[in-house]
Amino acid sequence: MTSKPRTLYEKIWDAHVVETRDDGTSLIYIDRHLVHEVTSPQAFEGLRVAGRTVRRPDLTLAVPDHNLPTTARVDAAGRRLPIADRESADQLAALEHNTRAFGIRYFDAVAPEQGIVHVVGPEQGFTLPGTTLVCGDSHTAAHGALGALAFGIGTSEVEHVLATQTLLLKRSKAMEVRIDGTLGFGVTAKDLILEVIGRIGAAGGTGYVIEYTGSTIRAMSIEGRLTVANMSIEGGARAGLIAPDDKTYAYLEGRPMAPKGEAWTKAMAWWRTLPSDPGAVYDRTVLVDAAEIAPNVTWGTSPEDVVSIAGTVPDPDSFSDPSKREAARRALAYMGLVPGQRMQDVAIENIFIGSCTNSRIEDLRDAAGVVKGRRVASGVRQALVVPGSGLVKRQAEEEGLDRIFIEAGFEWREAGCSMCLAMNPDKVPAGERCASTSNRNFVGRQGPGARTHLLSPVMAAAAAVTGRLTDVRELMRG
Amino acid sequence: MKPVSHISGRAYPFGAKNVDTDIIIPAHWLKTISRNGMGKGAFETVRAEPGNVFDDPEYAGAPILIAGDNFGCGSSREHAAWALADMGVQAVIAPSYSDIFSSNAFKNGILAVVLPQEAVDRLIEVAKTDPIDIDLESQTVTTPFQDRFTFEIDPFRKSCLLGGLDEIGLTLKMDGAIGAYEARRAEAFSWM
Ligand code: SF4
């Protein structure tokens, strides 16, 4: 019996088809659904209006993150503090009410497990290889780092999944991004994914699911892989996948919601069959040499506007595509940069270490390693460290990382999305710059008029202590 | 979703081209927990102008909106469809729509009728004084003056609208298949 070699994506897809219809769409079963406060209220209301229920509350997990303030959430006596912004408070109250009414597991704002959905899922072992996972948030792709087929959905689809535990989908094309070789000193997973997006473009992955392969990915920690898969959507791909391996299993074993005992053994037996077969065909392959990658930063207002820290602001006229030329011109005006300016001369007033891209313990350790024994530069007005979850925060505190940041002049906050999208009070003032470990440098993303430079946690730490974009390698070499 | 077959009544003779979803519902209305009540924010910037059609008592509660080319372009916010539904609009007539808007409108039971510009111009004239009638079954728009325009619609969408079936309703009809999958899943993937 010979069957056609299949990719990881095809194997997960095939295992989840409920029914394929004549028009080429398939009804796909959803194993895991993450819910947060911003994109779910109307979905729950839709259920209520139509008199429907949640089909599988047991496959659903809710946690607030997007607009929750990151300042203290309880007073000295341990009482919960009210949220000042009325609309945020209402969205939070709605989530609490809806999860209770529909019997959905919920980590509330003060639970130690609370955090950004995409940090919480893997951390709890809710995210598992070979599963389909959705969330009303475009960075759901992150969970693909563990070999889950994970993607963001809209509010109507959130309601569809709540009611039916399925989605009607068309199969995507498959793109392989193969990265081989060793990342240089001071070069991280973030620099790698920025490099990939810079090369394929912000729409390069549209219509594709990306699978990241190659020796660099194999050598990378799960945390690094989460950073890579997280930003797949910034390259236009709805999902990014990384085949599970021994690192994945070691990361997951013993996590609260991961299978145990016999169930674990059974799961492992299937997980081991998941990696793409030799000879499996991808619709497109992109090759990247890890050794060529330098620490990267963005100069514009699209995540594809990537340049090495040793580089300069590009001249819009250097782009052959006229629409890109125009976009670059507008981006430079917004960013307050001029062609030819050295990236290392760009002064920074705000630092944000956080977001679902870079707020896990490894990110904080790396950044603290750079900050240790140094001080936040005087020109930096705001330097935030926002751990991805309450558990990350606690672990960092056990390791003394909070002291390193606080002594250097950083603010040490409660877990949440924070300055990644400025829906809570954490904002970059208009016209100011932010060295940010988040994933989007869109116009106004971190606040109206805010200018964002995306970079890695160690690069953000380096910018914090020098007050300008800095090649962290020079700092680390001393 | 309520079945849609016949929509008749007054129509807002709006007519503007390239109406983006920011115009239909400004961004500051997105920080809400309900799809209802958004009608208050619908066309907020247009309504700021005196003499606009939306505040003209002549058209109060009109179930039809007539617009120009490329209606619903821009941001993909589903709130645009929610806002129209909340202000009582059951059908839009325009020469063209953005893809995402027509899909969002459909998902929320709003009929997006496509007619050529000349027909739209004629209907705007009629709408100023008289009601308009849309019949989904026969795919026609008629007026009290013997005007009769036929329109095309995707057969799947048509049957969903006529049957009052939203996508969730349709999928729920596949309950047997979903249940069967769940039974297979409980066997093969008990650890999930
Ligand atoms: S951290 Fe930012 S990108 Fe991630 S889920 Fe929150 S808002 Fe979205």
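Keep in mind that the numbers below use all heavy atoms, side chains included, and drop hydrogens, waters and symmetry copies. Chain letters run A, B, ... following the sequence lines, proteins first, then strands; residues in each count from 1.
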Handout entry: Interchain contact, B/Ala180 with chain A, by part (heavy-atom threshold 4.5 Å)
Key = neither

Handout entry: Atom group of B/Asp166 that falls short of 4.5 Å from chain A, counting heavy atoms
Key = side chain

Problem - Ring geometry between A/Trp271 and B/Trp191 (parallel below 30°, tilted from 30 to 60°, perpendicular above 60°) - result: perpendicular

Practice task
Measure the spacing between OG1 of A/Thr166 and CG of B/Asp175 and express it to the nearest 0.5 Å.
Solution key: 10.0 Å

Problem - A/Leu167 CG to B/Glu167 CD distance, which is reported to the nearest 0.5 Å - result: 9.0 Å

Completion exercise
Taking every heavy atom of A/Val17 against every heavy atom of B/Arg184, the minimum-distance pair comes out as O-NH2, 3.8 Å

Handout entry: Non-hydrogen atoms of A/His160 and B/Thr171 that approach each other most closely
Key = NE2-OG1, 2.7 Å

Select one option (side chain, backbone, both, neither) describing which atoms of [X] are under 4.5 Å from chain B's heavy atoms.
{"X": "A/Asn98", "value": "neither"}
{"X": "A/Ala163", "value": "both"}
{"X": "A/Ala15", "value": "both"}
{"X": "A/Leu59", "value": "side chain"}

Exercise for the section: Please step through side-chain contact (heavy atoms from CB on, under 4.5 Å) for the pair B/His79 and A/Thr155, ending with a clear verdict. Expected result: CA-CA 10 Å; B/His79 304 67; A/Thr155 298; 5.6 Å; no

Exercise for the section: Determine whether more than 12 heavy atoms belonging to other residues, nucleotides or ligands lie under 6.0 Å from atom CZ of A/Arg48. Expected result: yes

Practice task
Please indicate whether A/Arg105 has more than 12 foreign heavy atoms, meaning atoms of other residues, nucleotides or ligands, lying under 6.0 Å from its CZ.
Solution key: no

Taking [options] one by one, which has the highest count of heavy-atom pairs under 4.5 Å against chain B?
{"options": "A/Gly130, A/Ser156, A/Ser40", "value": "A/Ser156"}
{"options": "A/Arg55, A/Lys266, A/Lys260, A/Met257", "value": "A/Arg55"}
{"options": "A/Glu45, A/Glu262, A/Gln165", "value": "A/Glu45"}
{"options": "A/Arg52, A/Glu87, A/Gln91, A/Arg32", "value": "A/Arg52"}

Practice task
Report the C-alpha separation of B/Thr32 and A/Gln42 in whole Å, then their side-chain angles, then the decisive distance to 0.1 Å, and conclude whether the side-chain contact (heavy atoms from CB on, under 4.5 Å) test is met.
Solution key: CA-CA 9 Å; B/Thr32 150; A/Gln42 286 91 351; 4.2 Å; yes

Practice task
List the steps, then state whether side-chain contact (heavy atoms from CB on, under 4.5 Å) holds for A/Thr131 with B/Met192.
Solution key: CA-CA 8 Å; A/Thr131 56; B/Met192 276 185 195; 3.9 Å; yes

Practice task
Flag the pair A/Asp31 / B/Arg185 as yes when at least one side-chain heavy-atom distance between them is below 4.5 Å, and no otherwise.
Solution key: yes

Handout entry: A/Glu159 with B/Lys107: basic N within carboxylate O range, under 4.0 Å
Key = no

Practice task
Report yes or no: do B/Glu182 and A/Tyr29 form a side-chain donor-acceptor pair below 3.5 Å?
Solution key: yes

Practice task
Go through A/Glu19 and B/Tyr181 one step at a time and tell me if the side-chain contact (heavy atoms from CB on, under 4.5 Å) criterion holds.
Solution key: CA-CA 9 Å; A/Glu19 208 165 276; B/Tyr181 178 88; over 6 Å; no

